[in-house]
Amino acid sequence: MSSADAASLSSGDEDLGSRTQQSPLASQRAQQQSRTYFPLGYKAGFSQWWANIPAAVAEHRVLSFIPHLQAPPTHTKTGSQPASPDRPPMVVDDDQSQNAEPVTTASNTDPYGPRRWASNLVTLSGKNRALNEFSVERIGEDVEQNLVMLHGYGAGLGFFYKNFEALSRVQGWKVYALDMLGMGRSSRPPFKVHSKDSQGKITEAENWFIDALEEWRIQKKIDRFTLLGHSMGGYMAVAYALKYPGHVNKLILASPVGIPEDPYAVKADMPEPNASTMNNEFTQSESDIIHGSNPEIPDSAKVGAGTAAGDHNNFLNARSSSGRDANSGSKTTPSAPRRPLPKWLVYLWDSNISPFSIVRWAGPLGPRFVSGWTSRRFSHLPSNESQALHDYSYSLFRQQGSGEYALAYILAPGAFARSPLIRRIQGVGRQWIDTDSSSESPSSCSPTSSPSPPAQSTTAYPNGSDAQNRVRENGIPVVMMYGENDWMDIAGGYAAEQKINDEKARLLRDADAETRRKDNGSAKVVVIRRAGHHVYLDGWEHFNQVMLEEMKDVSKREAQR
């Protein structure tokens, strides 16, 4: 990157650091958040709005909390200029001086090194289409496996800052985190849907994200990889595995949105649901969540960090008595009532007015509105990290609207999917792959390609000439993580687990011994201790422990292939 941009990042660090020492958000959050939804004061909010911190500076500050990486690489090809109404932000800067040189940590300072940390912008086909990428690889080792991480709705790759160091310790692995198209510091092209029917709109909205991911994979020349997605990223991870089979060797869904079915969300002729536990995302304090306890989890499941490997995979074994509907993934006898969503929120949702639009319209009040969420979500973190995440969040939320507008096409108010994953998740790892045509064709991931229907589980093998050119996936492991105090209903995870296992049993019922031996399909639910919806951040130590075990399992399985 240029010296001017480097100076900007450096000065941004100093400004952020000095402001952290006196920040009302950090120093008063414990006292204020119990009394108000917006703890950031008007004066402090105006100061942040006026300072107009560029997203690149804010991302750089968050990544600087990574151990052994106090000076992270941060490219400035997007997000280097403050957002303003005078110019469209997040436009790709083709100036090569805006690239960032990778940072190498040496073995004498990095006990798990040497490692190379890189920040890149990967340009895709079409106008103003590019993905922001952060990667970590081990120097002196062949890259045998790849982990790709996708964030949730409206977020960015910086939220995984507690995970990068631990997950890059595994030998032979390279770790990638991506900002989804139209979010984070990826480019923000206009989001448009051309279909007239409801299913077409859903498919187009999904393709907006997963086609970009597939084009990124082709550019990186990655054949197979492990895909981790949080919340909306988890939803898109499932959609990707169904549309582009053969490239995912394990699917890890961290508190994924959109699995359970709700009749109001999938029927256009019915009113949208007016109740949801999603309110907890905006009202619950993360500090209360991680220090609380879920009475539905047996005492035997509430163990310490010294749990033997694999023990945490048996959490909530008493689920059979908790009133779950396996067909819809919803609770039949919920332990807590669904909180009603305000009518104004339902109206804004149906009008496709995103919460980030409100932040942009609010002007000087924007930082204060954002503090209503950040003060609760990051209340368990040290004040300097909480402040950096608040600044990072605001710098992203105020950017030009793009991928955020896909939400209303995918979810109904209350975070229920319009095309629930419970209806199609059993098809993950069971799709047919054409062996006579290359999936590397640029047209297969073109943003202008016509929408295709969501992949469904195949009920019969094709016969005739088609069977000669097609091969079926032999299953992949699917891991679903939920926080111990997650507002996302874990019933959907258990219903998905049952559907996946039932599909495997059906396909292998009359299979020969060799087919059974080669089958890799499995599903399980894991509960992350002392965590809410943001499992990777709330319970990051337990989350990282589980992830390391899953990555080692992938290495073992792939070696056997």
For salt bridge (Lys or Arg N to Asp or Glu O under 4.0 Å), just list the numbers for K220 and E215, CA-CA rounded to whole Å, side-chain angles, deciding distance to a tenth of an Å, and then say yes or no.
CA-CA 9 Å; K220 291 293 179 177; E215 189 174 353; over 6 Å; no
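- Ring-centre distance between F164 and W117: not below the 6.0 Å cut-off.
- Listed here is the closest heavy atom pair of A531 and G539: CB-N, 3.8 Å.
- Within the 3.5 Å criterion, the main-chain N or O of E204 finds no donor-acceptor partner in the side chain of N207.
- Here the side chain of E214 pairs no donor or acceptor atom with the backbone of Y244 at under 3.5 angstrom.
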Tell me, with the steps shown, if D391 and R61 meet salt bridge (Lys or Arg N to Asp or Glu O under 4.0 Å).
-> CA-CA 9 Å; D391 295 337; R61 174 59 174 160; over 6 Å; no
Dump the intermediate steps for salt bridge (Lys or Arg N to Asp or Glu O under 4.0 Å) on D538 and R377, then the final yes or no. CA-CA 9 Å; D538 305 339; R377 287 289 68 81; 5.8 Å; no
task: Please lay out, stage by stage, how Y240 and F209 fare under the test ring pair (Phe, Tyr, Trp, His ring centres under 6.0 Å).
output: CA-CA 9 Å; Y240 175 86; F209 301 103; over 10 Å; no
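- Pairs engaging residues 139-161 under the salt bridge (Lys or Arg N to Asp or Glu O under 4.0 Å) rule: R138-E141 [sequence neighbours left out].
- Ring centers of H230 and Y536: under 6.0 Å apart, within the cut-off.
- For Y235 and Y153, the gap between ring centers reaches or exceeds 6.0 Å.
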- After noting the C-alpha distance and the side-chain angles of R185 and S119, does the key distance pass the side-chain contact (heavy atoms from CB on, under 4.5 Å) rule? CA-CA 11 Å; R185 279 213 303 136; S119 173; 4.1 Å; yes
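- Residues Y405 and V193 have side chains not in contact (no heavy-atom distance under 4.5 Å, counting atoms from C-beta outward).
- Atom CD of E550 is separated from atom NZ of K250 by 3.5 Å, given to the nearest 0.5 angstrom.
- Although no hydrogens or angles enter the test, the distance criterion places a donor-acceptor pair under 3.5 Å between the side chain of N544 and the main chain of W540.
- Annotation for T76 and A56: closest pair CG2-CB, 4.4 Å, computed over non-hydrogen atoms.
- Of all non-hydrogen atoms in V62 and A388, the two that sit nearest each other are CG2-O, 3.7 Å.
- Rounding to the nearest 0.5 angstrom, the gap separating the CG atom in N146 from the CD atom in E137 is 9.5 Å.
- Checking side-chain atoms of S379 against main-chain N and O of R376 turns up a donor-acceptor pair under 3.5 Å.
- Using a 30° and 60° split on the angle between ring planes, F356 and F397 fall in the tilted class, from 30° to 60°.
- The two residues M551 and V170 come nearest to each other via the heavy atoms CE-CG2, 3.9 Å.
- A distance below 6.0 Å separates the ring centres of F46 and W49.
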Show your working on side-chain contact (heavy atoms from CB on, under 4.5 Å) between S135 and K174 and close with a plain yes or no.
CA-CA 7 Å; S135 64; K174 184 170 183 177; 4.0 Å; yes
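- Here the side chain of S186 pairs a donor or acceptor atom with the backbone of N132 at under 3.5 angstrom.
- Using modelled atom types, one side-chain atom of R418 and one backbone atom of A408 make a donor-acceptor pair closer than 3.5 Å.
- Salt-bridge check for K77 with D95: failed, with every basic side-chain N at 4.0 Å or more from each acidic carboxylate O.
- Aromatic pair F378/W373: centroids less than 6.0 angstrom apart.
- For K552, the NZ atom sits in a loose shell: 12 or fewer heavy atoms of surrounding residues, nucleotides or ligands are nearer than 6.0 Å.
- Here the CD-NZ distance, from Q219 to K221, works out to 8.0 Å after rounding to the nearest 0.5 Å.
- The aromatic rings of F369 and F38 are tilted relative to each other, their planes meeting at an angle between 30° and 60°.
- Taking CG of L63 as the reference point, atom CZ of F134 lies at 5.0 Å (rounded to 0.5 Å).
- Ring centroid separation for the pair Y392 and F159 comes in under the 6.0 Å cut-off.
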